[in-house]
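Reckoned from all heavy atoms, side chains included, excluding hydrogens, waters and symmetry mates. Lettering follows sequence order; numbering is per chain, from 1.
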Number of protein chains: 2
Amino acid sequence: MLSRRQLYILQAIVDDYVQTAEPVGSRSISKREDVDFSAATIRNEMADLEDMGFLMKPHSSSGRIPSHKGYRLYVDQLLNETDNNHLGLITSVQQLFDSRVSEVEAVMRKTAAVLSEMTNYVSVVLGPAMSNTKLKQLQIIPLSTTQAVAILVTDSGHVENRTFDIPHNMSLSDLEKFVNILNEQLADSPIKQWEALMSNEIERLLRQHVDHYEKIHQDLSAAFKPKVNEQIFYNGMLNLLAQPEFKDVEKVKQMLEWLEDKKEVYSLLNAMNSQGLTVKIGEENRFELFDDISMITATYAIDGDTVGSIGLIGPTRMQYERAIQIITQMADGLSTSLTRLYRHDA
Amino acid sequence: MLSRRQLYILQAIVDDYVQTAEPVGSRSISKREDVDFSAATIRNEMADLEDMGFLMKPHSSSGRIPSHKGYRLYVDQLLNETDNNHLGLITSVQQLFDSRVSEVEAVMRKTAAVLSEMTNYVSVVLGPAMSNTKLKQLQIIPLSTTQAVAILVTDSGHVENRTFDIPHNMSLSDLEKFVNILNEQLADSPIKQWEALMSNEIERLLRQHVDHYEKIHQDLSAAFKPKVNEQIFYNGMLNLLAQPEFKDVEKVKQMLEWLEDKKEVYSLLNAMNSQGLTVKIGEENRFELFDDISMITATYAIDGDTVGSIGLIGPTRMQYERAIQIITQMADGLSTSLTRLYRHDA
DNA sequence: TGTTAGCACTCGAATATCTTGAGTGCTAAA
DNA sequence: TTTAGCACTCAAGATATTCGAGTGCTAACA
């Protein structure tokens with residue numbers, strides 16, 4: 001068990017290092033006002049903390065930097081004690097959501113923007129999983145004799161559209177019939193049940209009422225399949241470049257490559273989905289490449305159901321306290337905002 | 001006027017330097033098979049070329065590199081002479097457009113992706129100016145008693161949607177009337193004329209048939225105003241990082257910042273809009289920051305009318321010949337593909 | 001007159017050497 | 001248990017050294 005003093009020293013080192021990105025020496029700590037023990041004492045404590053694995057030295061005669069284990073302790077134990085309410089932040093976050101943005105996508109984008117702007121880290125926002133939304137209306141608008149647009153509107157106000165070629169042997173009235181049937185049958189059923197519904201009754205109905213159904217089905221099935229994949233929004237990648245840990249172009253490249261491959265980010269974020277606030281430090285992360293990168297995630301909910309998550313990516317040397325405050329606030333605000341947006345059944 | 005031999009040497013230097021990014025010395029040129037004059041001769045010629053401003057030395061005892069003027073000459077005179085048809089390229093570019101992608105946005109994205117993949121430079125694609133497209137249909141789909149989605153479909157198959165709050169004092173039947181009037185009046189008129197139309201007859205009609213028009217107008221005008229601003233698609237920013245001219249993080253940062261501010265890129269691309277193929281070398285560019293960056297742009301057209309442009313951004317030390325070939329092909333393919341997409345009046 | 005070989009000279013880049021100072025660990029005394 | 005003191009370490013920065021690719025110039029040659 002760590003003594004009060006040891007905790008103090010660990011905290012001091014993390015705080016210092018987070019700010020300066022330089023190893024922290026015993027003297028610099030002993031100079032603090034509220035420290036009444038000497039540098040030598042601190043050195044002894046440091047040595048102990050190092051033995052326990054909370055600190056490291058970049059080289060044998062340098063100051064200490066926190067190890068991952070050190071950060072972990074800091075985040076888990078030292079942060080909880082601190083006051084979690086810097087009022088300035090809260091209000092400014094809440095303002096964002098009060099300005100009643102009414103498109104889901106706009107809200108997500110804005111969230112990402114604010115998140116990265118406030119923290120100077122990279123923000124990732126995973127759009128809400130739409131699997132529970134229901135079809136509100138399906139609409140076909142012909143553009144010409146050969147092409148038409150299919151428009152899917154969900155009860156959340158999410159709109160998807162796809163241009164498609166009208167199959168040769170399909171008349172306009174056929175098309176209308178086709179759409180009507182789909183509309184009647186699928187309206188108000190959750191998108192995730194479509195596949196199942198489709199293959200049963202509906203298929204029978206269609207086959208019965210629409211000529212050349214088989215052929216048409218092939219051509220159109222793609223157009224009417226909603227993409228359920230949630231979108232990912234980034235913001236503030238440039239912030240990363242300002243950090244000294246990215247002074248090497250090669251690393252920047254790796255990082256950007258990793259971010260560009262959204263699949264990876266997606267699965268990482270998704271994995272955190274049921275866990276509320278999460279702090280992954282350094283190699284705890286899946287992405288082994290980045291030893292000195294941490295990631296904080298938080299989830300947001302609609303009507304109490306967790307539907308997505310937002311994240312912050314920064315150096316392990318991160319302002320955890322501030323970042324956690326901000327991301328928590330954002331997640332809360334996002335939840336409120338989305339719940340309001342989705343609640344049409346008033 | 002430059003002699004044949006001087007042109008040859010200039011070309012050799014550009015070609016070499018483009019590949020290696022290292023200053024080119026006289027000996028390395030004299031070693032070429034088709035060179036039957038000595039290094040000393042080349043040195044003399046080089047000195048002359050330098051006097052004329054086509055070459056530079058990074059320092060007094062190094063090999064030569066092309067100056068902007070040198071690149072300019074290379075692009076303007078030396079490239080035109082060469083065979084412009086490496087068959088391999090052309091077919092592979094054309095294939096892309098044969099695969100009948102049917103969403104405009106998808107085509108633009110794909111264009112950007114292919115462009116950067118083939119060249120290893122950054123590609124910029126400016127979406128087609130939609131000012132000539134016409135409204136096909138305007139549709140309102142209520143989500144609840146308080147919210148609805150407005151959907152605009154243009155004759156090009158472009159769909160835009162916006163969620164909005166239904167004004168308190170507006171009944172559903174009012175809303176329907178409202179939409180019907182707009183539909184009747186605006187259908188088949190080009191989007192750019194909307195503003196004008198709106199403020200005249202239509203406003204009168206609306207005022208006549210819809211209660212509380214003034215108040216409603218305020219709330220809804222935003223929802224029905226199409227954003228005409230063309231989209232910008234990038235691709236291949238990572239390619240840049242591989243270039244030695246970007247080994248400095250600071251510069252990478254500047255570049256990404258510049259690209260992120262789409263306004264600038266937009267205006268630059270837009271300025272090129274009426275000029276077909278364009279090659280801007282180094283400081284000829286508006287963006288003075290980047291002395292060693294070149295930009296190639298080409299325009300594409302729908303039915304013969306230029307509607308947008310695509311660009312490639314790379315180091316001044318660029319494979320101009322190849323890049324020009326590729327971008328030209330892409331622009332052509334894009335024109336064909338879009339013309340086909342927009343031509344519904346068959 | 002144009003071309004070439006030869007040679008002294010230049011200068012960046014890579015490498016080695018020196019210096020400095022922040023920081024440590026250990027010891028011995030308070 | 002704490003602290004002062006001191007020898008020791010090592011990265012980082014400053015200087016010096018070496019190396020070689022490349023130049024310009026001169027003089028000889030065709």
Protein-nucleotide distance ([X], atom [atom1]; [N], atom [atom2]), rounded to Å:
{"X": "B:Asp51", "N": "D:dT23", "atom1": "CG", "atom2": "C1'", "value": "14 Å"}
{"X": "A:Tyr17", "N": "C:dG23", "atom1": "OH", "atom2": "P", "value": "14 Å"}
{"X": "A:Leu55", "N": "C:dG23", "atom1": "CG", "atom2": "C1'", "value": "14 Å"}
{"X": "A:Ile9", "N": "C:dT24", "atom1": "CD1", "atom2": "P", "value": "11 Å"}
{"X": "A:Ile29", "N": "D:dT2", "atom1": "CD1", "atom2": "P", "value": "16 Å"}
{"X": "A:Glu22", "N": "D:dA11", "atom1": "CD", "atom2": "P", "value": "14 Å"}
{"X": "B:Asp16", "N": "D:dA21", "atom1": "CG", "atom2": "C1'", "value": "15 Å"}

Report task. Using a cut-off of strictly less than 4.0 Å between a heavy atom of the residue and any atom of DNA chain D, enumerate the qualifying residues of residues 37-48 of chain B by number. Result ->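 Close to the strand are B:Arg43, B:Met46.
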
Query - Contact list for DNA chain D against residues 59-69 of chain A - heavy-atom distance below 4.0 Å - result: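 When residues 59-69 of chain A is checked for heavy atoms under 4.0 Å from DNA chain D, the hits, listed by number, are A:His59, A:Ser60, A:Ser61.
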
Query raised in the report: Among all residues two or more places apart in sequence or in another chain, which pass the side chain to side chain contact (heavy atoms under 4.5 Å, CB included) test with A:Ala47?
Result: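 Partners of A:Ala47 by the side chain to side chain contact (heavy atoms under 4.5 Å, CB included) criterion, ordered by chain and then number, come out as A:Arg64.
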
Query - A:Asp292/A:Lys251 salt bridge by N-O under 4.0 Å criterion - result: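 A:Asp292 and A:Lys251: salt-bridged.
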
Query - Contacts of A:Arg27 that satisfy salt bridge (Lys or Arg N to Asp or Glu O under 4.0 Å) - sequence neighbours left out - result: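 For A:Arg27 there are no salt bridge (Lys or Arg N to Asp or Glu O under 4.0 Å) partners, ignoring immediate neighbours.
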
Query - salt bridge (Lys or Arg N to Asp or Glu O under 4.0 Å) partners for B:Asp76, two or more places apart - result: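 Here the qualifying residues are B:Arg72.
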
Query - From CD1 (A:Ile324) to CG (A:Leu312), nearest 0.5 Å - result: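 Spacing of CD1 (A:Ile324) from CG (A:Leu312) equals 10.0 Å.
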
Query raised in the report: Measuring from A:Leu268:CG to A:Met295:CE, what's the distance to the nearest 0.5 Å?
Result: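 Between atom CG of A:Leu268 and atom CE of A:Met295 there are 4.5 Å.
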
Query raised in the report: Would you find a donor on one side and an acceptor on the other, under 3.5 Å apart, between the side chain of B:Gln275 and the backbone of B:Met272?
Result: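 No, the answer is negative, given that no donor and acceptor are paired below the 3.5 Å cut-off.
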
Query raised in the report: Above 12 or not: heavy atoms from other molecules or residues under 6.0 Å from CD of A:Glu257?
Result: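 Yes, enclosed.
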
Requested in this report: Under the ring-ring contact (aromatic ring centres under 6.0 Å, His included) rule, collect the residues that match up with B:Tyr71, sequence neighbours excluded.
Outcome: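 For B:Tyr71 the ring-ring contact (aromatic ring centres under 6.0 Å, His included) partners, ignoring immediate neighbours, are B:Tyr320.
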
Query raised in the report: Can a side chain N or O of B:Lys57 be found less than 4.0 Å away from OP1 or OP2 on D:dG24?
Result: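 For D:dG24, OP1/OP2 do have a side-chain N/O of B:Lys57 under 4.0 Å.
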
Query raised in the report: Do the side-chain N or O atoms of B:Arg27 get closer than 4.0 angstrom to the phosphate oxygens (OP1, OP2) of C:dA5?
Result: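 No.
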
